[in-house]
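These notes are about the structure you will find just below.
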Number of protein chains: 2
Amino acid sequence: MRGIRQLAKHLDISIGTVSRALNGKPDVNDETRRRVLAAAEELGYVANQSGRSLRQGTTNVIGLMIESSKETLENGDNFFLGLTGGLQSVFARHKLDLVMLPCPSEEDSQEYLKRMVARRVVDAMIISATQRVDKRIDFLAKAKIPFVALGRSASGGNYTWIDLDFEGVAACAVERLISKGHRRIAIAAPSNDINLGYIFVDAYRQALERHGIEYDPALVIRVKSSEQGGYQAGDDLLGLEIKPTAIILIYELMAIGLYRRLVEAGIVPGRDLAVIGFREEPRARFLQPTLTCFRMSLRDLGVKLAETLLATMPAYAEFYPKGARNTIWPLELAPGESDAFTLNS
Amino acid sequence: MRGIRQLAKHLDISIGTVSRALNGKPDVNDETRRRVLAAAEELGYVANQSGRSLRQGTTNVIGLMIESSKETLENGDNFFLGLTGGLQSVFARHKLDLVMLPCPSEEDSQEYLKRMVARRVVDAMIISATQRVDKRIDFLAKAKIPFVALGRSASGGNYTWIDLDFEGVAACAVERLISKGHRRIAIAAPSNDINLGYIFVDAYRQALERHGIEYDPALVIRVKSSEQGGYQAGDDLLGLEIKPTAIILIYELMAIGLYRRLVEAGIVPGRDLAVIGFREEPRARFLQPTLTCFRMSLRDLGVKLAETLLATMPAYAEFYPKGARNTIWPLELAPGESDAFTLNS
DNA sequence: TTGCCACACCAAAACGTTTCCGGAAAGCGC
DNA sequence: GCGCTTTCCGGAAACGTTTTGGTGTGGCAA
């Protein structure tokens, strides 16, 4: 099938009418519409996206930008794939398609984004791994491209974002440990400039201070958010003069390396040191003792992301009443054995 | 910047000349070209992709189709992300962009593919997880869309594919085990219709028979390609009347579950049962004892995939001399402790 | 009858780009 | 000076679609 023109000729109808029939526009007789739809189905006609995009100035494609940093690659990450299910279930209702745009690790992420946007390959963007100061946000705002950020920047300013409830998680973890008698609680945070690290440590600090425990910077261990990072964290922890009795990990992946380092040192997690991880990671499920951690549904988060994004787009706003611009996404505590160690005795 | 027209007007040059200047076509004075490039840079002009695609009939986008099956999601998988690095490094040379197209698990993969292709959103496709009989291949061939399949179908027929060297891996694993005295070697293969399962088991069978060991179907354990599948495989293995002394796993992920089941049964991997895994998986790196397995560079595989694909596209064929249509990708043995168990004593 | 309106459709313009074709200007050999 | 080629550029068509404005038909009320 060569195009709408052929289809129109085949039906002996003008192309305008065919177009309106296919797109569910008014001003077309029911019988005519039926015929058009039937013929399109039969001949396997599907509208050429380029032509449509050119005319409408819209591509009907939403981009999910992915950082394929070395760290992400090493770790492997089902995070984005987990999101796609929820995203697509919402987008499908509006005949929108999702594409994942992996930013090459060699290319500057802002340059990449700029290229994708300037080429008009997507109508809107979802960005993630928000930096403390993230130039992508200014760029998208200035270019008037609808977007939602997964993760807030330091300013937290005037744009749409969804972020995980780091405050809640940190508070919950800290209080749980305190209730077991721990006073000297370490935290393993990421060493790069991603903002969630700062938020998490801040929340940890506040939770401590609420319970009258002095914040000790020495207990904040900055390492890579990876298995290796966890091992390194174990190393750093063992090097401390006064050893902590508990540790909170900002990425569960760290638990794998941490466990290994602990075992090497003859320390049994859960018995000699309480460990709490942050985000449930399939890869951490096998750990012995099982890791106490915080869970969430990636699919549900995807749905929320999609709905939030569409709410910012004029064409779809009617379906998604404008709620709050920013959402804090809750997580659920999943108790395990790794924080069984208690000092109350 | 509104379009090439504005740019042309600003330079007081015709749009045709501007277009030629930007695209590196001849028939443009060096000085003029310089001015155009400078102005484009200054005004931030980037060609609208829709207009270009419409005119050229080409999108300059390559799609990497991803199955986001429940299994993939549960497992988490950095496989595709690992591929993107290599793919993009090649595509970038030709100003091609890569998009990952995650097929919603609710949608039939062929329907999804058909939609993406009919819409002309990509010029070419990379498909993966090839089924034994894969309708996508016929469809793409008939639609004359350049594509390369990662994984061959049962027919192995008349299309371009790249596949891992299952024969080599299976033979190497079997021989390694035989040389340690094992005669009763089990294999854990996937239970779905993905073709690599069949290829792998066939190769395993042939390797056995080459060494005069009778093939016993009871030793082929079909389970899900996941951690749970590995646990199940352990279960099945323990239920066998005559226990095998070694097992080959088609996915390393299985090793996690298998180890757990073995430990539960008081069996120590590597001491009481030899275990060899197939594809190196970051998540399996922490296992104790370390897993003997086969490695490959995902990045290199991505490069090969990209080059193979471009070789099939007339517009790029000149850069990539037409080699063999099909490639068997080698893997490297990475010895670990899990197959230390030997019967030679 | 006349006027009005709703309905269903057609013709044409527009979206932004690339590419084909023709032609002006300049250079060159004779 | 003449014919030829080369160099460079402008004009216009074309890609496939949506959308706007216009048109003819028939029904209905005045």
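So you know, we letter chains A, B, ... as the sequences are listed, proteins then strands, and number each from 1.
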What are the atom names and distances for every N/O pair under 3.5 Å that joins the protein to nucleotides 5-8 of chain D?
from	atom 1	to	atom 2	distance (Å)
dC8(D)	OP1	Asn29(B)	ND2	3.4

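- Within 6.0 Å of the NE2 atom in His10(B), the count of heavy atoms belonging to other residues, nucleotides or ligands does not exceed 12.
- Remark: side-chain polar atoms of Asp123(A) are paired, donor with acceptor, to backbone N or O of Thr59(A) under 3.5 angstrom.
- Counting to the nearest Å, the P atom of dG16(D) and the CG atom of Asn48(B) are 17 Å from each other.
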### Task
Any chance you could lay out the salt bridge (charged side-chain N to carboxylate O under 4.0 Å, His left out) test for Arg34(A) and Glu31(A), step after step, and finish with the verdict?
CA-CA 5 Å; Arg34(A) 202 194 49 71; Glu31(A) 168 61 12; 3.1 Å; yes

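- Along DNA chain D, the nucleotide nearest Leu22(A) and the nucleotide nearest Thr17(B) are compared for position; the residue whose nucleotide lies closer to the 5' end is Thr17(B).
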### Task
Run the numbers on Ser53(B) and Gln49(B) for side chain to side chain donor-acceptor pair (under 3.5 Å), then give the verdict.
CA-CA 6 Å; Ser53(B) 298; Gln49(B) 187 58 42; 3.0 Å; yes

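- Taking the screw axis at each terminus of the helix from dT1(C)-dA30(D) to dC30(C)-dG1(D) from five consecutive base pairs, the angle between the two is 50° to within rounding of 10 degrees.
- Atom CD1 in Ile4(A) sits about 15 Å away from atom C1' in dC15(C), given to the nearest Å.
- Shown here for Arg33(B) and Ala21(B), the closest heavy-atom pair between the two residues is NH1-O, 3.0 Å.
- Within the 4.0 Å cut-off from OP1 or OP2 of dT18(C), at least one side-chain nitrogen or oxygen of Arg52(B) is found.
- Counting all heavy atoms, side chain and backbone alike, Val61(B) lies closest to Val121(B) at CB-O, 3.8 Å.
- The closest side-chain heavy-atom distance from Leu43(A) to Leu7(A) is below 4.5 Å.
- You'll find a donor-acceptor pair under 3.5 Å spanning the side chain of Arg55(A) and the base of dT18(D), going by distance alone.
- Gly16(A) comes within 4.0 angstrom of a base, heavy atoms only.
- The shortest heavy-atom contact between Leu309(A) and Met125(A) is CD1-O, 3.9 Å.
- The phosphate of dT18(C) (OP1 or OP2) has a side-chain N or O of Asn23(B) nearer than 4.0 angstrom.
- Both Lys25(B) and Ser50(B) lie close to DNA chain C; mapped to their nearest nucleotides by heavy-atom distance, the more 5′-ward contact belongs to Ser50(B).
- DNA chain D is contacted by both Leu54(B) and Ile15(B); Ile15(B) maps to the nucleotide lying nearer its 5′ end (nearest heavy atom per residue).
- Per the geometry, NZ belonging to Lys9(B) stands 15 Å off C1' belonging to dG10(D), to the nearest Å.
- Counting to the nearest Å, the C1' atom of dC7(C) and the CD1 atom of Ile13(A) are 15 Å from each other.
- Judged as a salt bridge (charged side-chain N to carboxylate O under 4.0 Å, His left out), not a single pair has a partner in residues 40-51 of chain B (not counting sequence neighbours).
- Whole-Å rounding puts the Leu7(A) CG to dT18(D) C1' distance at 15 Å.
- The shortest distance between the side-chain N/O atoms of Gln56(A) and the OP1/OP2 oxygens of dT19(D) is below 4.0 Å.
- You'll find a donor-acceptor pair under 3.5 Å spanning the side chain of Arg20(B) and the base of dG10(D), going by distance alone.
- Side-chain contact between Val36(B) and Arg20(B): absent, with no pair of heavy atoms (C-beta onward) separated by less than 4.5 Å.
- Computed from coordinates, the Gln6(A) CD to dT17(D) C1' distance equals 15 Å when rounded to whole Å.
- Spacing between atom CD of Gln49(B) and atom C1' of dC15(D) amounts to 14 Å, rounded to whole angstrom units.
- Atoms CG (Asn60(A)) and P (dC15(C)) sit 19 Å apart, rounded to a whole Å.
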